[in-house]
Amino acid sequence: MRPGTARRRRARGLLRAAALYLALIAMAWCALLPIVWALSGSVKSQSEITTPTLAPRHPQWSNYGEVFHLMPFGRMFLNTICYAGCITAGQVFFCSLAGYAFARLRFTGRDALFLAYLATLMVPLTVTVIPQFILIRTLGWTDTPWALIVPGLFGNAFGTYLMRQFFRTLPTDLEEAALLDGCSLWQIYWRVLLPNAKPAVMVLTVLTWVTVWNDFLWPLVMIQRQDISTVTLGLVWIQGQYVSDWPVLMAASMLILLPLALVYALAQKAFVRGIAMAGLGGR
Amino acid sequence: MTATDERAVEETSAPASPSPPRRSALARRQARAARIFIAPNLLAVAVFLVFPLGFSLYLSFQQWDLFGPIRFTGLGNFRRLLTADPLFTIALRNTIVFTLGTLLPTVAISLVVAAALNQRVRGIGFFRTVMFLPLAVSSVVMAVIWRFVFDTDNGPLNMILGWIGLGPVPWLVDPNWAMVSVCLVSTWKSIPFATVVLLAAMQGVPEDLYEAAKIDGAGGIRRFVSITLPLIRGALSFVFVISIINSVQAFDQIYVLTGGRGGPETGTYVFGIMIFQNAFAFGDAGYASAIAWLIFLVLLSLTGAQLWFSRRNATEQ
C-alpha cells in the first residue's frame, strides 16, 4: 500500500515538472521567436528571406557589411557609445552625490525638496519635449552633440531617488568612524559610501546605458545630421529608404540589439533588480 | 518614516559628539555640503524638467508656430481640441483601444508567466534571463523586427497561418488589423516588465501561507487565487497604472511600425502621434502643448487615484 502511494505521488510530481518545463519552454519561445527569426533573416539572401527555414542554407554575412555601406553606421555606433558613456558617468556621479545628501545629510527643506523630486518622476516626456526643444534651440544646440549629452549629464530625479534609497540601507557606523578620523563629508562620500554602493551603481549604470542606447524621440527631434546621429535614428533612416530590403534591415537591427543583449546578459541581475526597485518606488 | 529614521541617526551619533558647539558646527557643515552636493542635480531637474513643464502650460494658452511671435489665445486651444477637431475623437478612441488592448493581455499573461517563473526548479534562472530579454530591446529595433514578422507576403506570421489554412492577414495594411498589430507588439514588449514587478511581489509572499493552505487541501489554482492574488494587489495595481501611463504616451513603436502618421488611414492615430505631428510637422506648439497637458492631467488623476486606493487598502489591512 505504502510504496504504491509513494510511487504515485512521485509520478504526479514528475508529470507536474514536465508540464511546467513544457510551459516554460513555450513561453521562452514566444519571448525569443521574433529575435531569433530576425537573427536568421539577417544572414539570408533576398531570395531566401521568403522561405520559412530558421537556419539559412547559405549564410550571407555580407548583409552586415552592406549596412555600413548604406550609412555611416560605424560612426553612429561611436557616437552612441560616446553619448551613453558621458551621460552614464554624469548620472552615476551627480545622482549618487545628491542621493548621499538626501539620505545622510540634514538640511532645512530636505524632505519637502525630496517630495518635489518624487513628483517630477510622473512628468511624461511628451509634455516637456516641446519646451525642451525650444530651450535647446535657444541655446543654439540643435543638431549638435550637446543637445543629446547635456540634458542628461547632471543627473535626474529618478537616479537620485534610486541612489538615496540605497544609501539609506547602509549602516551609519561607517561614516561615524570616518568622521572621528577627521574625514570631510566629501571624503566620506567618495572614499566610504560610494565604494560600498557598488550594487546600486551597477543598477543605475545599466539602466542609464540601456535608456540612452535605445532613446528615439529625443534624437529624432534634435538631430538631422547623419555624422552625429545615434544608431536607433540611423536604423529608422535605413528603414525609410530600404523599406523591403529585409536582410539588411535585420542585420542593422541585430547590430544595435546584440551589444545591448550582451550587456544585459552580463548584468541581468542588476538590471532586473533596478526595475524591481523602480517598481517598488511607485507603490 | 523619514522623521523616525532621522531621530535614530541623531541618537546613534549623539554619543560620538558630546559637546554642543561641535554638534552645531557639524550640522552647519552638513547643511552647506548638502547644498553643494545637490546643486548640480537640482539645477538640471529645474532647467530640463520643471521649467519645460511650466513653459508648456504657458504655451497651451498661446498660439505659436515655433518661429514667429507668440499670440495669446486663452482657452482657444482647448476649445478647438474638445469641440472642433475631429481628429481628437479619433485619437481618443484609438488611445483607449490601444491601452485596453495592451493592458488586459499584458496583465493576464504576465501573471501566468510570473507564476511559472516563481517555481523553484532547476534551470529557472535560465528561463528568467530569456524571458526578460525583451526588456533590453529598444522599441525602435523591436518595431523594425516586428514589421518583418508582420510582412503580408513574406512574413513568418502569415506563413505559419498559411500552414493551418488561414488566409494572409493584412497586418499593417488594413486600419483595423494595424491596431491589432500595434497592440500585439506592445504586449510582447511590456510583458517582461510586468513580470519582473509581479515576480518580485510573489517572492515576498510568505511560504508558510501556502503550506497551511496545502494542509487544508487547497489546490494550486485555489492557492493562487486566494493567497497570491490578494497579497500582490499592490504590485498589480502598480502594473496597471504604469501600463496605462506607457500606453497613453506610446510613440516610438507606433511611429516606426506605421510610418509616423498614425496610418493606415487613421487606424493607429493615437495621442503620442497627434502631439508629435502638431508640434513638429504642422508647427503648432501651443495646440500640441494643450493636448499634452490634457493627457498629463488625466494621468495625474489616475496616479492620484491609485495612490489613494493603495493607501486605503493598506489601512484596511
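From a predicted model like this one, the values you see are computed outputs, not experimental measurements. Throughout, protein chains are lettered first and strands after them, A, B, ... in sequence-line order, and every chain is numbered starting at 1.
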Can you find a pair of side-chain heavy atoms, one from [X] and one from [Y], that are under 4.5 Å apart?
X	Y	value
A/F216	B/D252	yes
B/V144	A/I238	no
B/M274	A/T126	no
B/F67	A/R137	yes

Give, for atom [atom1] of [X] and atom [atom2] of [Y], the distance between the pair rounded to the nearest 0.5 Å.
X	Y	atom1	atom2	value
A/L185	B/I36	CG	CD1	10.0 Å
B/I145	A/L257	CD1	CG	5.5 Å
B/I124	A/L24	CD1	CG	5.0 Å
B/I38	A/L97	CD1	CG	8.5 Å
A/W37	B/M159	CH2	CE	5.5 Å

Which atom names give the shortest non-hydrogen contact between [X] and [Y], and what distance separates them?
X	Y	result
B/S138	A/N214	CB-OD1, 2.8 Å
A/P124	B/Q249	CB-OE1, 2.9 Å
B/S56	A/P131	CB-CG, 3.5 Å
A/T128	B/L53	CG2-N, 3.9 Å
B/W188	A/A31	CZ2-O, 3.1 Å
A/M27	B/V112	CE-CG1, 3.8 Å

Tell me, for [X] versus chain B, whether the close heavy atoms (under 4.5 Å) come from the side chain, the backbone, both or neither.
X	value
A/T120	both
A/A23	neither
A/L113	side chain
A/V221	side chain
A/L220	side chain

Under a 3.5 Å distance rule, please check whether A/Q132 uses its side chain to pair with a backbone N or O of B/F48 as donor and acceptor.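 The answer is yes, because a donor-acceptor pair under 3.5 Å joins these two groups.
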Give a yes or no on whether the backbone of A/K269 and the side-chain of B/R128 come within a donor-acceptor separation of less than 3.5 Å.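 Here the side-chain-to-backbone pair does not exist.
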Is the number of heavy atoms from other residues, nucleotides or ligands within 6.0 Å of CZ (A/R16) greater than 12?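 No, CZ of A/R16 has 12 or fewer neighbouring heavy atoms, counting only those of other groups under 6.0 Å.
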Please determine whether the number of non-hydrogen atoms from other residues, nucleotides or ligands lying under 6.0 Å from atom CH2 of A/W237 exceeds 12.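 Above 12, so yes.
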Verify the distance criterion only: is there a donor paired with an acceptor across the side chains of A/Q239 and B/R147 at less than 3.5 Å?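 Per modelled atom types, A/Q239 and B/R147 side chains form a pair under 3.5 Å.
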As an exercise: rank [options] by heavy-atom pairs under 4.5 Å with chain A and give me the winner.
options	answer
B/V130, B/L300, B/V149, B/L157	B/V130
B/I191, B/V113, B/I295	B/V113
B/F276, B/W293, B/F51, B/Y58	B/F276
B/R122, B/R35, B/R32	B/R122
B/V248, B/L299, B/L49, B/L199	B/L49
B/W163, B/F132, B/F55	B/F132

Considering only heavy atoms, which portion of [X] lies under 4.5 Å from any heavy atom of chain A: side chain, backbone, both, or neither?
X	value
B/P134	side chain
B/F127	side chain
B/L133	both
B/L66	both
B/V239	neither
B/T129	both
B/M131	both
B/L43	neither

Just give me the residue among [options] that pairs up with chain B most often, heavy atom to heavy atom, under 4.5 Å.
options	value
A/I130, A/L32, A/V129	A/I130
A/L260, A/I256, A/L217	A/L217
A/F102, A/W213, A/Y100	A/F102
A/G159, A/P151, A/C30	A/P151
A/L235, A/T232, A/V263, A/D173	A/L235
A/F107, A/Y117, A/F114, A/Y189	A/Y117

Suppose we call two aromatic rings close when their centres sit under 6.0 Å apart. Are B/F37 and A/F94 close by that rule?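 Centroid distance B/F37-A/F94: not below 6.0 Å, so no.
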Could you work out, with ring-ring contact (aromatic ring centres under 6.0 Å, His included) as the rule, every residue matching A/Y264, not counting sequence neighbours?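 A/Y264 satisfies ring-ring contact (aromatic ring centres under 6.0 Å, His included) with A/F271 only.
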What orientation do B/F148 and A/W246 show, parallel under 30°, tilted 30 to 60°, or perpendicular over 60°?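 Correct class here is tilted.
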